[in-house]
Amino acid sequence: MNFSSRNFYCFGSNSQQIVSIQNAAEEPRVLCIIQDTTSAKTVNERLTLNLPASTTLSRLYEDVSHKAGYVNGTFDLAWGNIAFWTDASLDHNSEMSLSESGFEPGGKKNFLHLTDKDGEQPQIASDESGTADSSGVDDSSQERFIGPLPRESTAGCSGDYSSPSYTYSSILSKSDTGYVGLVNQAMTCYLNSLLQTLFMTPEFRNALYNWEFEESEEDPVTSIPYQLQRLFVLLQTSKKRAIETTDVTRSFGWDSSEAWQQHDIQELCRVMFDALEQKWKQTEQADLINQLYQGKLKDYVHCLECGYESWRIDTYLDIPLVIRPFGASQAYGSVEEALQAFIQPETLDGPNQYFCERCKKKCDARKGLRFLHFPYLLTLQLKRFDFDYTTMHRIKLNDRMTFPEELDMSPFIDVEDELYYSETTPVGCFYLNSRIFPCYSQSLLTFELFSVMVHSGSAAGGHYYACIKSFSDGQWYSFNDQHVSKITQDDIRKTYGGSSGSRGYYSSAFASSTNAYMLIYRLKDPSRNAKYLAVDDFPEHIKSLVQKEKESEEQEKRQREIERNTCKIKLFCMHPVRMMMESKLEVHKDKSLREATEMAYKLMELEGIVPLDCCRLVKYDEFHEYLERSYEGEEDTLMGLLLGGVKSSYMFDLLLETRRPEQVFQPYKPGEVMVKVHVVDLKSEAIASPISVRAYLNQTITEFKQLIAQATGLSAETMRVVLERCYNDLRLLYVPNKTLKAEGFFRSNKVFVESSESSDHQVAFTDSVLWKLLDRHGNTIRLLVLLPEQSPGTLANRTQKVRGDSDVIFDGTKGNRKSVEAILEESTEKLKNLSLQQQQQGSSTSDSQKSSDASDFEHIESPTQEADSNSSLCVAADNRELENRIRASAGSSGGASSDQENHFACEERSDSEVNNDRSTSSVDSDILSSSHSSDTLCNADSGPIQLANGLDSHSITSSRRSKAHEGKKETWDTAEEDSGTDSEYDDNGKSKTEAQYLYFRAEPCSQEDTSWDAQKCLVVHVDKRITLAAFKLNVEPYVGVTSTQFKVFRVYANNQEFESVRLNETLSSFSDDNKITIRLGRALKKGEYRVKVYQLLVNEPEPCKFLVDTVFAKGMTVRQSKEELLPQLKEQCKLDISIDRVRLRKKTWKNPGTVFLDYHVYEEDISISSNWEVFLEVLNEPEKMKSMSELAILTRRWSPATMKLGPFQEVILESSSVEELKEKVFEMSSIPLENLEFAKGRGTFPCDISVLEIHQDLDWNPKVSTLNVWPLYICDDGAVVFYRDSTEEPMELSDDERNELMKKESSRLLKTGHRVSYSPRKEKALKIYLDGGPAKDPGQD
């Protein structure tokens, strides 16, 4: 039995509870599914309740409020079922049971809508009522919380600070505190904290309300006081939980990027006050800032010999208080201590003596500050951000500093020595420097704390929030962006910083803490202390503003209401002019289908093209291209009902279907499947565009054929139907009584039908012409191939080979280029004739003959020299080879026969004949491996090519497959293994096995196809199962050189090119309209690897310099590779090096590694891969390393006395012994062994480090005996080791010398791309623009 407290309600004794439990468990239950439609964010949320049928409606409301997190009575529940669709809400107070109210028990779903009550948003519940806010933002749950929601270490407002998860609906209802929060735009927490403090300052708020904006004088958008006024009005009157500050920041002249800049809150206060003073000039508020925030102090110097005093009066808006004095280890413990230190004078003596004007000499003096006047609002800045000169880092101090709730400032004011009274001086004032200042009595120098602005984070960034006391009720509140909650004095004390009982401090640039940063006190003076202006007491212009904002809020509310009731669904339309169009249809749930159709009609811009009555909306599945159903007779049905509720996205789409006036719409019923039928013509090898038919899954194949016969006019008796279930999965439907469901039909299907009476019906399906045609159709892709520039001689050779027996003569001496169109045209007729001959041959061949023919074709050699044979021999060879190729590809179907004589003749031909034969025709491979030899090829006059499948050259594959290819992730052709190592290929890169898929056809490229030069570009239709080797052989005639003399590069979307080198790989990773670039140059042979050679310059600023690309081969020794490499270096790089003074070594990024010795063999001793990289190092003397057991270490001396690093020097160790390393270093440096210390370098070569850090930061003199253990792990050549003399003392640097050296080192390390230990975030100056924005450079766009 399930004793769920949500399913029964028990009161009284235990026995009564047990009875209630049993009764609740036995009675029927009602399943309620509630959709929260109160906002766009919650419309997709569902609440599920399974209640006893006897539950009352009033109890249902309580359950829903508990689960949704709303206050009961602030929302309505209405029926969501179609059968009960009504605007009437369920009664809140009804005691009727669910069963009596029309709810259906027994597991049936009862749909309800949770809606607004009287147009007001539901109120978020608090913990006091026993509910929880589902959005995670209810106030009381965070009542005791004042800081950022829990993450202590914060380094940025938007990044590391973890703010509450506010939903859209959560900011629509006002906090229980009665106060409104501010939305954080991104990193504007500092702005929000200051704005809330100003708002909670009665004198500032009231003065701002008394200022009246003149719209005729200024644009309201750029008026800072007006936007602040609007913001304060909203903060006081809005019913929202939080409001935006974008209008305020826009008036500052800021753009959206400023929202991502974090600034200091004290800096913002200064800049904003300056801006307000500028804007308030010539108004009553002109001196408001000074009246409220400005104080005065005297900066004096008092001569200790004659008593003469020199002084000046300064003003201040805030008092900066030092947390910890410079050089001190202890901080001030309280604000009072810091204030006392602020006015504590210093003695000027010794070299700092003061020149006294009265004594006319330098004298000892006392210099200090005295407060003359405190402002009404006293601002104290606690200077928690400092600079650590030891680490050269900016740091944040977390020392504990207490501050009182009431601050007595009388001990810090002293005017007796400076003032004198006169009869003209007003009572309560003093006369100073010809000016009159108010003189406070001790009782009037008490200030009360009302705002604490807290910073949580580190010196690198963090988060601000404000703790503010309301002068209305004396309650403290935490204003943390959107969140406002009550707090206590204990929470305020938590912002003192430090830890209990100690004054510890942080000295790290990224150490995080939460502590008070700015304090604001107000003078306790009943005569001046103001109260917040009530709404009823607002000035008339503020009342007008309130009304205006209220209307704006109502408009926004109505817009949200419309938004919540708007269905948003994807809309498609097969436009008669623009083809398939896609858009978003937004329609109110109360609009009818007829009205929605009219909206879609206008949205798709069909006016004047198709009449409205020739359009209708149908349910559509875009992914499967499936028309699910039509809506006959439902034109007046509301869209909310039709679509199944209001949503921002649906699992289906709508299609605006069109017809011609004489046509009639076909009804689409639920349960039908859609079938796209392609009619295949075996004679013309054409595949027609699809015809759509609809069928049922329980139909048999016989019934399905009759349905297709009606739609296409074909004979059902001889019809063959092939289902393409997925890519390369063709299934012949031949069982008459089998249903479509059993055959694998789904919502959307694709079939091919053929109804000829040819003998192709008698052969097995996989051997039939139909299968081959469909197989080719599904695997052909369209590639754009850019041919290389050719020299006249090479071009002539290429053209002669391609044109075969053509009579057109190419004059190579004139340098004219023969166009691709001409090459294709010359070969077209000959190929047609040959292919027609093959179609007429009806005799079959044996399996052995097929294999022989195929093998014969695969071993045809590529041209390597000029043909010496005469033209007739070339033609004969052409014909024999083409016949063999056709038979090799068509033999499996029995459609061609083998001519044994021709076969043996081919084997007996000379190399020159065979070479000519391979390049006979520009499009001979169009006939290879397929029986579609009647393809119409393009010449100068033929226009667009009609492909075998009946589609134009832009749609060689189906659109669905093209989309799939577009979404496929491309992979680079950088080979992990050498292409030549595959046993599938011989030494010339040709396949040793029978090639099954060799469809290849080339045509000239039009200018519309590509941005490349059309004269140099080919459009190639090729079976993507063809290997790269076979593709290169087919491209040979157009390039003009053999496949071993050119390289294939794949071009990616960003125009990057990568060489394709794996000859055994197919083109399966390519898709339609991919680009390929052909470049001349020797291609890799079997066992060869392309290698990039870099020079290693250990003592140069840039130690890695590219030299050449070269080729290494498997089985080659290192010395042999050097012998081939050195002439190349001499020719291309002007490096004339002796073979005994050069070394090759492993390269891992920029790190030099294993030294390769001359006798090492590639792929036996040295692993090698495609696009490999090696270092070449020029030696000053012959190679010292003789064995792989030796270790080559790069050492470098550090001299602390001069603060300099010496050059790299290599030592060769016979073992991994630390003692041997020290002995070798001793031999180089003469540092005594007992004084020699060493440390391993960090990072990548050359392990650069600042000379200011190397002495302390490296792990000097590790206690190990071998190099191959922790912490050294030196197991390979190329490790960097620093060494020093332990008796050498570091150079003493002054602060200026240290700063200068630090700048030089930072510049050096940045240039070499190495780490700088500390790089503070670049800060952007905070500016407020009075003219609406920063001035733009006219030279910039």
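Residues: numbered from 1 along the sequence shown. Scope of the values below: all heavy atoms of this structure, side chains included, with no hydrogens, waters or symmetry mates. The structure displayed is predicted, hence computed values, not measured ones.
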Test the R629-Y668 pair against the cation-pi criterion, namely NZ or CZ under 6.0 angstrom from the six-membered ring centroid and within 45° of the ring axis. no
Side chain to side chain contact (heavy atoms under 4.5 Å, CB included) with F746: which residues, sequence neighbours excluded? H624, N749
Aromatic ring centroids of Y477 and Y179 under 6.0 Å? yes
Check this for me, if you would: do E553 and R558 make a salt bridge, where the nitrogen-to-carboxylate-oxygen distance has to be below 4.0 angstrom? no
Check whether any side-chain heavy atom of L98 lies under 4.5 Å from a side-chain heavy atom of S54, and answer yes or no. no
Just by modelled atom types, is the D590 backbone N or O under 3.5 Å from a matching donor or acceptor in the H588 side chain? yes
Pairing of K602 and E607 as salt bridge, 4.0 angstrom limit: no
Does the Y61 side chain pair with the main chain of L77, one donor and one acceptor, at a distance under 3.5 Å? yes
Charged N-O contact under 4.0 Å between E62 and R59: yes
Should we count NZ of K741 as having more than 12 external heavy atoms under 6.0 Å? no
Counting only heavy atoms not in K108 (residues, nucleotides, ligands), do more than 12 fall under 6.0 Å from its NZ? no
Can you tell me if Q706 uses its side chain to pair, donor with acceptor, with the backbone of E703 under 3.5 Å? no
Centroid-to-centroid, Y620 to F572, below 6.0 Å? yes
Does a side-chain N-to-carboxylate-O contact under 4.0 Å join K568 and E563? yes
I'd like to know if E561 and R564 make a salt bridge, using a cut-off of under 4.0 Å between side-chain N and carboxylate O. yes
Are E598 and R594 close enough for a salt bridge, meaning some N to O gap below 4.0 Å? no
What residues, two or more places apart in sequence or in another chain, satisfy side chain to side chain contact (heavy atoms under 4.5 Å, CB included) together with I691? T712
Hey, are E632 and R616 close enough for a salt bridge, meaning a charged N less than 4.0 Å from a carboxylate O? yes
Taking T237 for its side chain and V233 for its backbone only, find out whether a donor-acceptor pair lies under 3.5 Å. yes
Pick one: which of V587, L655, L654, D653 meets side chain to side chain contact (heavy atoms under 4.5 Å, CB included) with L571? L654
